[in-house]
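Some notes on the structure that comes next.
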Amino acid sequence: MPRTLQRNIPINKGNYSLDTPEREAAFEARRGAGWEKRYFRYRKNWATYPKRQFVSSYPLLLDLELSSVCNLRCPMCYTITPEFKKRVNVRLMEFPLFKQIICEIGGKVAAIRLSLRGEPTLHPRFIDCVAYAKAKGVGEVSFLTNASTLNLENFKKMADAGADWITVSIDGVGKTYESIRRPLKFLDTLKKIKAIHRFKVRHKLLRPVVKVQSVWPAIKKNPEKFYNTFAPYSDLVAFNPLIDYLGNDSEIVWEKDFVCPQHYQRLVIGADGLAMMCSNDEENSVVVGDANIQTIYDIWHGKRLSEIRRQHKKLEGFKAFPVCRKCYLPRQTEDTEIATVNSRSFVVKNYVNRRQNIGE
(Lines give C-alpha, C1' and ligand atoms only; values in the text may rest on other atoms or scores of the structure.)
Protein backbone atom coordinates (compact mmCIF):
# COMPACT_ATOMS: atom_id res chain seq x y z
CA MET A 1 0.00 0.00 0.00
CA PRO A 2 1.56 3.37 -1.00
CA ARG A 3 2.49 5.70 1.79
CA THR A 4 0.53 8.90 2.31
CA LEU A 5 2.66 11.84 1.27
CA GLN A 6 2.96 15.03 3.26
CA ARG A 7 3.40 17.22 0.21
CA ASN A 8 5.83 20.12 0.27
CA ILE A 9 4.06 23.01 -1.49
CA PRO A 10 5.91 26.28 -0.80
CA ILE A 11 3.95 29.54 -0.89
CA ASN A 12 5.82 32.76 -1.77
CA LYS A 13 9.24 31.14 -1.55
CA GLY A 14 12.22 33.22 -2.56
CA ASN A 15 11.24 36.77 -1.60
CA TYR A 16 11.71 37.85 2.01
CA SER A 17 10.92 41.00 3.92
CA LEU A 18 13.55 43.13 5.65
CA ASP A 19 10.75 45.03 7.31
CA THR A 20 8.93 45.25 10.62
CA PRO A 21 5.66 43.37 11.23
CA GLU A 22 3.89 46.72 11.55
CA ARG A 23 5.01 47.92 8.13
CA GLU A 24 4.25 44.54 6.56
CA ALA A 25 0.69 44.73 7.92
CA ALA A 26 0.29 48.30 6.65
CA PHE A 27 1.54 47.21 3.21
CA GLU A 28 -1.10 44.48 3.03
CA ALA A 29 -3.80 46.87 4.25
CA ARG A 30 -2.96 49.38 1.52
CA ARG A 31 -3.02 46.67 -1.15
CA GLY A 32 -6.50 45.63 -0.07
CA ALA A 33 -8.00 49.04 0.65
CA GLY A 34 -11.29 49.53 -1.19
CA TRP A 35 -11.75 45.88 -2.21
CA GLU A 36 -11.11 44.22 1.13
CA LYS A 37 -13.41 41.19 0.80
CA ARG A 38 -12.26 40.24 -2.67
CA TYR A 39 -8.63 40.91 -1.78
CA PHE A 40 -8.83 38.76 1.37
CA ARG A 41 -10.38 35.94 -0.62
CA TYR A 42 -7.70 36.25 -3.30
CA ARG A 43 -4.82 36.10 -0.79
CA LYS A 44 -6.44 33.25 1.14
CA ASN A 45 -6.92 31.23 -2.03
CA TRP A 46 -3.33 31.96 -3.07
CA ALA A 47 -2.25 29.67 -0.24
CA THR A 48 -5.16 27.23 0.01
CA TYR A 49 -5.62 26.33 -3.67
CA PRO A 50 -2.10 24.90 -4.09
CA LYS A 51 -2.31 23.03 -0.79
CA ARG A 52 -5.63 21.50 -1.84
CA GLN A 53 -4.39 21.13 -5.44
CA PHE A 54 -7.61 22.81 -6.51
CA VAL A 55 -7.97 24.16 -10.05
CA SER A 56 -10.25 27.20 -10.04
CA SER A 57 -12.25 28.42 -13.04
CA TYR A 58 -9.58 31.02 -13.79
CA PRO A 59 -6.09 31.57 -12.38
CA LEU A 60 -5.86 33.87 -9.38
CA LEU A 61 -3.10 35.88 -11.07
CA LEU A 62 -2.31 36.36 -14.73
CA ASP A 63 1.23 37.34 -15.69
CA LEU A 64 1.02 39.37 -18.90
CA GLU A 65 4.48 40.16 -20.18
CA LEU A 66 4.17 43.52 -21.90
CA SER A 67 7.86 43.49 -22.82
CA SER A 68 10.57 40.85 -23.06
CA VAL A 69 12.90 43.73 -23.99
CA CYS A 70 15.20 45.16 -21.30
CA ASN A 71 17.36 48.27 -21.39
CA LEU A 72 19.89 47.23 -18.71
CA ARG A 73 22.91 44.91 -18.69
CA CYS A 74 22.84 43.27 -15.25
CA PRO A 75 25.58 40.63 -14.89
CA MET A 76 23.38 38.03 -13.14
CA CYS A 77 20.46 38.25 -15.56
CA TYR A 78 19.59 35.47 -17.98
CA THR A 79 18.37 37.95 -20.63
CA ILE A 80 21.98 38.80 -21.50
CA THR A 81 22.91 35.17 -22.25
CA PRO A 82 23.26 33.87 -25.84
CA GLU A 83 20.89 30.99 -25.02
CA PHE A 84 18.08 33.39 -24.07
CA LYS A 85 18.59 35.48 -27.20
CA LYS A 86 18.46 32.36 -29.37
CA ARG A 87 15.33 30.87 -27.81
CA VAL A 88 13.17 33.89 -26.98
CA ASN A 89 11.50 36.18 -29.49
CA VAL A 90 12.31 39.46 -27.74
CA ARG A 91 9.43 41.84 -28.40
CA LEU A 92 6.51 43.90 -27.07
CA MET A 93 3.00 42.51 -26.61
CA GLU A 94 0.51 43.71 -29.20
CA PHE A 95 -2.11 45.98 -27.62
CA PRO A 96 -5.07 44.25 -29.36
CA LEU A 97 -3.94 40.94 -27.83
CA PHE A 98 -3.70 42.56 -24.40
CA LYS A 99 -7.23 43.97 -24.76
CA GLN A 100 -8.57 40.61 -25.92
CA ILE A 101 -7.17 38.89 -22.86
CA ILE A 102 -8.38 41.56 -20.44
CA CYS A 103 -11.88 41.51 -21.93
CA GLU A 104 -12.06 37.81 -21.10
CA ILE A 105 -10.58 37.87 -17.60
CA GLY A 106 -11.88 41.21 -16.28
CA GLY A 107 -13.82 40.57 -13.06
CA LYS A 108 -12.77 36.89 -13.12
CA VAL A 109 -9.06 37.15 -12.37
CA ALA A 110 -8.21 39.08 -9.22
CA ALA A 111 -4.78 40.33 -10.22
CA ILE A 112 -2.46 40.79 -13.17
CA ARG A 113 1.29 41.36 -13.26
CA LEU A 114 2.57 43.24 -16.28
CA SER A 115 6.16 42.07 -16.12
CA LEU A 116 8.26 38.95 -16.45
CA ARG A 117 11.60 39.06 -18.25
CA GLY A 118 11.89 42.57 -19.64
CA GLU A 119 11.15 46.14 -18.57
CA PRO A 120 7.35 46.64 -18.92
CA THR A 121 7.42 50.44 -18.90
CA LEU A 122 9.24 50.38 -22.25
CA HIS A 123 5.92 49.44 -23.86
CA PRO A 124 4.64 52.59 -25.61
CA ARG A 125 1.08 51.88 -24.41
CA PHE A 126 2.00 50.88 -20.88
CA ILE A 127 -0.29 53.46 -19.25
CA ASP A 128 -3.15 52.45 -21.56
CA CYS A 129 -2.68 48.84 -20.50
CA VAL A 130 -2.94 49.72 -16.81
CA ALA A 131 -6.01 51.90 -17.34
CA TYR A 132 -7.75 49.32 -19.54
CA ALA A 133 -7.23 46.53 -17.02
CA LYS A 134 -8.59 48.62 -14.15
CA ALA A 135 -11.59 49.73 -16.22
CA LYS A 136 -12.43 46.09 -16.93
CA GLY A 137 -12.49 45.11 -13.25
CA VAL A 138 -9.03 43.74 -12.46
CA GLY A 139 -8.56 44.19 -8.71
CA GLU A 140 -4.80 44.58 -8.59
CA VAL A 141 -2.45 45.66 -11.37
CA SER A 142 1.22 45.28 -10.44
CA PHE A 143 4.57 45.28 -12.17
CA LEU A 144 8.28 45.02 -11.55
CA THR A 145 10.50 47.83 -12.84
CA ASN A 146 14.18 48.73 -12.91
CA ALA A 147 13.19 52.41 -12.36
CA SER A 148 14.87 53.62 -15.55
CA THR A 149 11.62 55.35 -16.62
CA LEU A 150 10.16 55.85 -13.14
CA ASN A 151 10.36 59.63 -12.98
CA LEU A 152 7.69 61.63 -11.17
CA GLU A 153 5.81 62.53 -14.35
CA ASN A 154 5.46 58.89 -15.34
CA PHE A 155 4.54 57.88 -11.80
CA LYS A 156 1.67 60.39 -11.83
CA LYS A 157 0.37 58.81 -15.04
CA MET A 158 0.66 55.34 -13.51
CA ALA A 159 -1.22 56.44 -10.40
CA ASP A 160 -3.94 58.17 -12.46
CA ALA A 161 -4.33 55.02 -14.57
CA GLY A 162 -4.91 52.97 -11.41
CA ALA A 163 -1.66 51.07 -10.86
CA ASP A 164 -1.81 49.32 -7.51
CA TRP A 165 1.64 47.95 -6.78
CA ILE A 166 5.10 48.83 -8.08
CA THR A 167 8.11 46.71 -7.16
CA VAL A 168 11.39 48.47 -7.83
CA SER A 169 14.53 46.37 -8.23
CA ILE A 170 17.37 48.26 -6.57
CA ASP A 171 20.37 46.02 -6.02
CA GLY A 172 22.49 47.60 -3.31
CA VAL A 173 23.52 51.20 -2.76
CA GLY A 174 26.14 53.46 -4.29
CA LYS A 175 28.79 51.87 -6.48
CA THR A 176 27.48 48.37 -5.80
CA TYR A 177 24.16 49.33 -7.38
CA GLU A 178 25.89 50.96 -10.34
CA SER A 179 28.06 47.90 -10.96
CA ILE A 180 24.93 45.72 -11.22
CA ARG A 181 22.17 47.90 -12.63
CA ARG A 182 24.22 49.18 -15.51
CA PRO A 183 24.02 51.93 -16.79
CA LEU A 184 21.78 53.46 -14.07
CA LYS A 185 23.13 55.83 -11.41
CA PHE A 186 22.27 55.28 -7.76
CA LEU A 187 21.57 58.89 -6.76
CA ASP A 188 19.26 59.34 -9.75
CA THR A 189 17.22 56.31 -8.70
CA LEU A 190 17.13 57.38 -5.05
CA LYS A 191 15.90 60.85 -6.09
CA LYS A 192 13.06 59.22 -8.05
CA ILE A 193 11.97 57.15 -5.05
CA LYS A 194 12.07 60.20 -2.78
CA ALA A 195 10.09 62.34 -5.24
CA ILE A 196 7.42 59.64 -5.57
CA HIS A 197 7.17 59.38 -1.79
CA ARG A 198 6.73 63.14 -1.39
CA PHE A 199 4.00 63.12 -4.04
CA LYS A 200 2.16 60.25 -2.36
CA VAL A 201 2.29 61.94 1.04
CA ARG A 202 1.20 65.30 -0.37
CA HIS A 203 -1.80 63.75 -2.13
CA LYS A 204 -2.52 61.15 0.58
CA LEU A 205 -2.24 58.24 -1.85
CA LEU A 206 -2.45 54.73 -0.45
CA ARG A 207 -1.61 53.23 -3.83
CA PRO A 208 0.39 52.46 -5.82
CA VAL A 209 2.26 50.83 -2.97
CA VAL A 210 6.00 50.89 -3.62
CA LYS A 211 8.14 47.92 -2.67
CA VAL A 212 11.94 48.14 -2.98
CA GLN A 213 13.87 44.90 -3.31
CA SER A 214 17.44 43.73 -3.83
CA VAL A 215 19.28 40.51 -4.49
CA TRP A 216 20.89 39.42 -1.24
CA PRO A 217 24.61 39.52 -2.19
CA ALA A 218 24.27 43.19 -3.16
CA ILE A 219 23.32 44.14 0.43
CA LYS A 220 24.69 41.34 2.64
CA LYS A 221 27.67 43.39 3.87
CA ASN A 222 25.33 46.03 5.27
CA PRO A 223 21.60 45.23 4.96
CA GLU A 224 20.86 47.85 7.60
CA LYS A 225 22.22 50.62 5.37
CA PHE A 226 20.06 49.44 2.48
CA TYR A 227 16.97 49.25 4.67
CA ASN A 228 17.50 52.63 6.32
CA THR A 229 18.12 54.24 2.93
CA PHE A 230 14.82 53.12 1.41
CA ALA A 231 12.37 52.38 4.24
CA PRO A 232 11.50 56.06 4.83
CA TYR A 233 10.47 56.44 1.19
CA SER A 234 8.75 53.13 0.40
CA ASP A 235 5.99 50.88 1.71
CA LEU A 236 8.10 47.74 2.05
CA VAL A 237 11.76 46.69 1.72
CA ALA A 238 12.64 43.12 0.74
CA PHE A 239 15.36 40.90 -0.70
CA ASN A 240 15.84 37.73 -2.76
CA PRO A 241 18.63 35.21 -2.27
CA LEU A 242 20.43 34.91 -5.59
CA ILE A 243 19.02 32.06 -7.67
CA ASP A 244 20.75 30.19 -10.49
CA TYR A 245 19.71 32.62 -13.24
CA LEU A 246 22.63 31.62 -15.45
CA GLY A 247 22.17 27.84 -15.12
CA ASN A 248 25.61 27.20 -13.62
CA ASP A 249 24.72 24.95 -10.67
CA SER A 250 25.19 21.17 -10.78
CA GLU A 251 25.14 19.95 -7.15
CA ILE A 252 21.50 20.68 -6.41
CA VAL A 253 19.74 19.37 -3.30
CA TRP A 254 15.97 18.97 -3.63
CA GLU A 255 13.15 19.36 -1.16
CA LYS A 256 11.34 16.15 -0.29
CA ASP A 257 7.86 15.54 -1.77
CA PHE A 258 7.82 18.84 -3.64
CA VAL A 259 4.76 19.91 -5.63
CA CYS A 260 4.80 23.22 -7.52
CA PRO A 261 2.17 25.72 -6.31
CA GLN A 262 2.19 27.84 -9.47
CA HIS A 263 -0.08 25.55 -11.52
CA TYR A 264 -2.88 26.35 -9.08
CA GLN A 265 -2.14 30.06 -8.68
CA ARG A 266 -1.10 31.75 -11.90
CA LEU A 267 -0.81 31.55 -15.66
CA VAL A 268 1.95 33.24 -17.63
CA ILE A 269 1.46 34.77 -21.09
CA GLY A 270 4.62 35.92 -22.84
CA ALA A 271 4.90 39.03 -25.00
CA ASP A 272 4.35 36.86 -28.10
CA GLY A 273 1.12 35.42 -26.67
CA LEU A 274 2.54 31.98 -25.89
CA ALA A 275 1.57 30.57 -22.50
CA MET A 276 4.45 29.23 -20.43
CA MET A 277 4.31 26.45 -17.88
CA CYS A 278 5.22 28.87 -15.07
CA SER A 279 6.83 32.22 -14.27
CA ASN A 280 10.24 30.56 -13.91
CA ASP A 281 10.33 29.16 -17.46
CA GLU A 282 12.31 32.09 -18.82
CA GLU A 283 13.14 30.43 -22.14
CA ASN A 284 9.63 29.22 -23.09
CA SER A 285 10.84 25.63 -22.88
CA VAL A 286 7.37 24.25 -22.03
CA VAL A 287 4.59 25.98 -23.95
CA VAL A 288 1.08 25.14 -22.70
CA GLY A 289 -1.00 27.25 -25.07
CA ASP A 290 -1.28 30.27 -27.33
CA ALA A 291 -3.40 33.25 -26.30
CA ASN A 292 -3.45 34.44 -29.90
CA ILE A 293 -5.81 31.59 -30.78
CA GLN A 294 -7.04 30.26 -27.41
CA THR A 295 -8.92 31.68 -24.45
CA ILE A 296 -7.27 31.94 -21.06
CA TYR A 297 -9.93 29.55 -19.74
CA ASP A 298 -9.07 26.93 -22.35
CA ILE A 299 -5.33 27.20 -21.68
CA TRP A 300 -5.82 27.01 -17.89
CA HIS A 301 -7.94 23.87 -18.22
CA GLY A 302 -6.15 22.53 -21.29
CA LYS A 303 -4.60 19.13 -21.87
CA ARG A 304 -0.98 20.26 -21.54
CA LEU A 305 -1.33 22.06 -18.21
CA SER A 306 -3.53 19.27 -16.84
CA GLU A 307 -0.83 16.75 -17.73
CA ILE A 308 1.78 18.89 -15.98
CA ARG A 309 -0.34 19.03 -12.83
CA ARG A 310 -0.72 15.25 -12.86
CA GLN A 311 3.02 14.75 -13.32
CA HIS A 312 3.81 17.11 -10.43
CA LYS A 313 1.52 15.13 -8.14
CA LYS A 314 3.79 12.12 -8.51
CA LEU A 315 6.65 11.62 -6.08
CA GLU A 316 9.54 13.70 -7.52
CA GLY A 317 7.39 14.17 -10.61
CA PHE A 318 8.80 17.65 -11.20
CA LYS A 319 12.10 16.09 -12.25
CA ALA A 320 10.50 15.06 -15.54
CA PHE A 321 10.89 18.68 -16.69
CA PRO A 322 14.40 20.12 -17.24
CA VAL A 323 13.12 23.62 -16.44
CA CYS A 324 11.85 22.38 -13.04
CA ARG A 325 15.19 20.75 -12.24
CA LYS A 326 16.79 24.18 -12.70
CA CYS A 327 14.13 26.04 -10.69
CA TYR A 328 14.69 27.48 -7.21
CA LEU A 329 11.28 26.40 -5.86
CA PRO A 330 12.15 22.68 -5.39
CA ARG A 331 15.63 23.48 -4.06
CA GLN A 332 16.41 23.02 -0.39
CA THR A 333 17.33 26.09 1.61
CA GLU A 334 19.60 26.36 4.63
CA ASP A 335 19.25 28.61 7.68
CA THR A 336 22.97 29.13 8.22
CA GLU A 337 23.16 32.90 7.76
CA ILE A 338 21.79 35.40 10.27
CA ALA A 339 21.56 39.11 9.50
CA THR A 340 20.59 42.12 11.60
CA VAL A 341 18.70 45.29 10.73
CA ASN A 342 18.15 47.87 13.46
CA SER A 343 18.46 45.24 16.22
CA ARG A 344 16.05 42.89 14.42
CA SER A 345 17.63 39.55 13.50
CA PHE A 346 16.38 37.36 10.67
CA VAL A 347 17.42 34.21 8.87
CA VAL A 348 18.61 34.39 5.27
CA LYS A 349 17.24 31.30 3.52
CA ASN A 350 19.96 30.68 0.97
CA TYR A 351 19.73 27.74 -1.42
CA VAL A 352 21.99 24.79 -0.66
CA ASN A 353 25.12 24.80 -2.86
CA ARG A 354 24.15 28.13 -4.44
CA ARG A 355 26.96 30.71 -4.58
CA GLN A 356 25.76 34.13 -3.48
CA ASN A 357 28.06 36.02 -5.85
CA ILE A 358 26.79 38.37 -8.53
CA GLY A 359 27.36 36.93 -12.00
CA GLU A 360 27.96 33.34 -10.80
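What you see is a predicted model; the values in this text were computed from it and never measured.
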field: side-chain contact (heavy atoms from CB on, under 4.5 Å) between R23 and V237, intermediate numbers included
entry: CA-CA 9 Å; R23 276 174 49 90; V237 182; 4.2 Å; yes

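- Summarising the geometry, atom OG1 belonging to T340 is positioned 7.5 Å from atom CZ belonging to F346; distances are rounded to the nearest 0.5 Å.
- A salt bridge links K134 and D164; the closest N-O separation between the charged side-chain nitrogens and carboxylate oxygens is under 4.0 Å.
- At a threshold of 4.5 Å between side-chain heavy atoms, the hydrophobic network of Ile, Leu, Val, Met, Phe, Trp and Tyr places F321 and V253 in two separate groups.
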Validation: residues 189-199 side-chain donor-acceptor distances under 3.5 Å, sequence neighbours left out:
unit_1 : atom_1 : unit_2 : atom_2 : d
T189   : OG1    : Y177   : OH     : 2.8
T189   : OG1    : K185   : O      : 3.4
K192   : NZ     : A147   : O      : 2.7
K192   : NZ     : S148   : O      : 3.1
H197   : NE2    : P232   : O      : 3.3

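- Residues meeting the ring-ring contact (aromatic ring centres under 6.0 Å, His included) test with F98, sequence neighbours left out: none.
- Formation of a donor-acceptor pair under 3.5 Å by the E140 side chain with backbone atoms of A111 is not found in this model.
- Transitive grouping of hydrophobic side chains (ILVMFWY, heavy atoms separated by less than 4.5 Å) brings L187 and L152 into a common cluster.
- By the neighbour-count criterion of 12 heavy atoms within 6.0 Å, atom CD of E36 is densely surrounded, having more than that number from other residues, nucleotides or ligands.
- Salt-bridge formation is not detected for the pair E153/K156: no Lys NZ or Arg NE/NH1/NH2 atom is positioned less than 4.0 Å from an Asp or Glu carboxylate oxygen.
- Within 6.0 Å of NZ on K326 lie no more than 12 heavy atoms contributed by other residues, nucleotides or ligands.
- The ring-ring contact (aromatic ring centres under 6.0 Å, His included) test applied to Y42 returns no partner, not counting sequence neighbours.
- Under the 3.5 Å distance criterion, the side-chain polar atoms of N280 are left unmatched by any main-chain donor or acceptor of C327.
- K13 contributes a side-chain N or O that, together with a main-chain N or O of L329, makes up a donor-acceptor pair within less than 3.5 Å.
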task: Under the side-chain contact (heavy atoms from CB on, under 4.5 Å) rule, what do W300 and V55 come out as? Steps first, then yes or no, please.
output: CA-CA 9 Å; W300 183 242; V55 182; 3.7 Å; yes

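- No side-chain donor-acceptor contact under 3.5 Å links D335 to the backbone of V347.
- Applying the ring pair (Phe, Tyr, Trp, His ring centres under 6.0 Å) test to every pair with at least one member in residues 99-132, sequence neighbours left out, gives these pairs: F126-F143.
- For Y58, the side-chain hydrogen bond (donor to acceptor under 3.5 Å, both in side chains) partners two or more places apart in sequence, or in a different chain, are E104.
- In this structure, N45 contributes its side chain and R41 its backbone to a donor-acceptor pair below 3.5 Å.
- Judged purely by distance below 3.5 Å, without hydrogens or angles, the side chains of K211 and N15 pair a donor atom with an acceptor atom.
- Cation-pi geometry between R43 and W35 is not met at under 6.0 angstrom from the ring centre and within 45 degrees of the axis.
- The CD1 atom of I105 sits 12.0 Å away from the OG1 atom of T295 when rounded to the nearest 0.5 Å.
- No side-chain N or O of T167 forms a donor-acceptor pair with one of Q213 less than 3.5 Å apart.
- Between atom CE of residue M93 and atom CG of residue D272 there is a gap of 8.0 Å, rounded to the nearest 0.5 Å.
- Note that CZ of F318 is 10.5 Å distant from CD of Q311, once rounded to the nearest 0.5 Å.
- Here the side chain of K220 pairs no donor or acceptor atom with the backbone of A339 at under 3.5 angstrom.
- Exactly one of R91, R113, R117 qualifies for a side-chain hydrogen bond (donor to acceptor under 3.5 Å, both in side chains) with E65. That residue is R117.
- In this structure, the side chain of E119 engages the main chain of N146 through a donor-acceptor pair within 3.5 Å.
- Residues L64 and L144 do not share a hydrophobic cluster, clusters being chains of Ile/Leu/Val/Met/Phe/Trp/Tyr side chains in contact below 4.5 Å.
- Note: the hydrophobic cluster containing V138 does not contain L206 (ILVMFWY, side chain heavy atoms under 4.5 Å, direct or indirect links).
- With respect to the salt-bridge test (charged N to carboxylate O, under 4.0 angstrom), the residues R31 and E28 qualify.
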query: Passes side-chain contact (heavy atoms from CB on, under 4.5 Å), H312 versus C324? Steps please.
result: CA-CA 10 Å; H312 272 260; C324 297; 3.6 Å; yes

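- Partners of W165 under the ring-ring contact (aromatic ring centres under 6.0 Å, His included) rule, at least two apart in sequence or in another chain, are F27.
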